[in-house]
Amino acid sequence: MERTPSGLKYFVTGDGPEAVICHPSLGLGRFLFYRLIPSLSRRYQVFAYDPRGIGENAAMDPNLADWVGDVGELLDIAARPVHLIGVSLGTWVMSRAAVRWPQRVARLVLMGTTPGFENGPQDIESRRTELSQLGMERFARQYAENTLAPSTPSEIRDQLTEDLKTADPNRYLAAMAAIYLVGNREIFPQVLNDTLIVVGSLDQRTSPDMADAAARLIPNSQVRVVPDAGHLALLDQPERIEDLVLEFLATGRLVD
């Protein structure tokens, strides 16, 4: 485990002429990429970490500006062409990093993204009530059941529950507010990198229609819908995600 100049703890594996930085979803840590990292690390230097407010970095306050700043520090550490992969909350972070450092970012993968949430304040208050009534552990179990595809093995549901239940409710809500109150409609058109948008066919949080809306805003983007996958497609269909990501990072364009 290493530390950035700002103190973020991160893990790096693999060694190649290019690097990949992975940023997970709301409330989750680097566990989210555990199936993808081994295949990536055979070709790339891979950076994975628990974002501020989560896991190894739980003591750090979660906010969008610092999440983006952490990516900037990892770009410095990588000192080579870098691809960015963001999932859900991570798509807010990685799209902004690509806009801020366009010459240092090669390609961008956004999984489970949207131009924004129309009812952000209400959604946050609803989640606050839910967490208060259920507690974090029961909420985590419910989240896993409702988010993953029905065909996903129970052990994956258990692993997702175990990862999410460790999140502090207040930091979770702060992280939620950091994205639910900020849209991407002004950011996405500034993303000039080749971009792959991945969405699960069963995703009820950031639907295929939302992915298409994001693609209309991002100039050099394409969408791939993954069958039998929900909001966390890389847990539901890891082999398919691996194939898509490796091909896109290598070529910059998927061929139908």
Side-chain angles (χ1 to χ4, degrees), residues 1-4 8-16 18-57 60 62 64 66-98 100-101 104-113 156 159-160 163-164 175 179 191 193-200 206 226 229 231-250:
M1 184 168 57
E2 311 283 346
R3 287 180 183 263
T4 65
L8 183 85
K9 300 174 184 176
Y10 69 93
F11 296 81
V12 61
T13 184
D15 188 21
E18 299 177 341
V20 177
I21 302 174
C22 304
H23 197 294
S25 179
L26 173 64
L28 300 177
R30 65 187 186 280
F31 146 79
L32 192 56
F33 298 97
Y34 84 102
R35 289 289 299 271
L36 187 59
I37 288 174
S39 58
L40 285 174
S41 63
R42 287 193 286 270
R43 304 184 187 186
Y44 304 96
Q45 183 184 50
V46 182
F47 293 84
Y49 53 96
D50 299 332
R52 291 170 184 256
I54 295 295
E56 296 284 354
N57 295 300
M60 305 178 84
L64 187 53
D66 284 339
W67 288 328
V68 175
D70 291 333
V71 176
E73 291 190 337
L74 292 173
L75 288 170
D76 290 338
I77 293 167
R80 66 194 74 191
V82 177
H83 308 292
L84 304 181
I85 300 177
V87 179
S88 193
L89 177 148
T91 68
W92 268 255
V93 177
M94 295 314 207
S95 58
R96 284 161 174 77
R100 186 168 175 180
W101 297 287
R104 302 169 65 189
V105 174
R107 295 178 180 124
L108 182 64
V109 179
L110 305 177
M111 302 187 197
T113 195
I156 303 298
Q159 290 172 344
L160 176 57
D163 195 60
L164 181 56
I179 60 169
V191 175
N193 313 75
D194 290 334
T195 301
L196 173 63
I197 299 171
V198 178
V199 60
T206 52
V226 179
H231 185 56
L232 301 178
L234 73 174
L235 295 182
D236 288 323
Q237 298 293 338
E239 292 85 4
R240 179 58 176 152
I241 295 298
E242 177 182 325
D243 290 344
L244 289 172
V245 170
L246 289 177
E247 180 183 349
F248 177 75
L249 294 187

#### Entry: Side-chain heavy atoms of Leu246 within contact of Ser39, under 4.5 Å
yes
### Task
Locate the shortest heavy-atom distance separating Leu164 from Gly27; write the atom from each residue and the value.
CD1-O, 3.5 Å
### Query
What residues form a salt bridge (Lys or Arg N to Asp or Glu O under 4.0 Å) with Asp15, not counting sequence neighbours?
Arg80
### Task
Kindly determine whether Thr113 and Thr206 satisfy side chain to side chain contact (heavy atoms under 4.5 Å, CB included), including the steps that lead there.
CA-CA 6 Å; Thr113 195; Thr206 52; 5.9 Å; no
### Task
Any chance you could lay out the side chain to side chain contact (heavy atoms under 4.5 Å, CB included) test for Val82 and Trp101, step after step, and finish with the verdict?
CA-CA 11 Å; Val82 177; Trp101 297 287; over 6 Å; no
#### Entry: N/O donor-acceptor pair under 3.5 Å between Arg107 side chain and Leu249 backbone
yes
#### Entry: Distance-minimising heavy-atom pair for Phe11 and Glu56
CE1-CG, 4.4 Å
### Message
Check this for me, if you would: do Arg43 and Glu18 make a salt bridge, where the nitrogen-to-carboxylate-oxygen distance has to be below 4.0 angstrom?
### Response
no
### Summary
On a heavy-atom basis, the closest approach of Trp92 and Ile179 is NE1-O, 3.4 Å
### Query
Taking all non-hydrogen atoms of both residues, which atom of Leu40 and which atom of Ile85 are closest, and how far apart?
CD1-CD1, 4.1 Å
### Query
Given the rule in the side chain to side chain contact (heavy atoms under 4.5 Å, CB included) test, do Val226 and Asp236 qualify, once you have shown the distances and angles that lead to the verdict?
CA-CA 9 Å; Val226 179; Asp236 288 323; over 6 Å; no
### Query
Looking at residues at least two apart in the chain, or sitting in another chain, which of them share a ring pair (Phe, Tyr, Trp, His ring centres under 6.0 Å) with Tyr34?
Phe31
### Message
Is it the case that the side chain of Asp50 and the backbone of Asn57 share a donor-acceptor pair, with hydrogens and angles ignored and the cut-off at 3.5 Å?
### Response
no
### Message
side chain to side chain contact (heavy atoms under 4.5 Å, CB included) for Val71 and Met94? Distances and angles first, verdict last.
### Response
CA-CA 8 Å; Val71 176; Met94 295 314 207; 3.8 Å; yes
### Query
Parallel, tilted or perpendicular: which fits the ring planes of Phe47 and Tyr10, with parallel below 30° and perpendicular above 60°?
tilted
#### Entry: Counterpart residues, ring pair (Phe, Tyr, Trp, His ring centres under 6.0 Å), relative to Phe33 (two or more places apart)
none
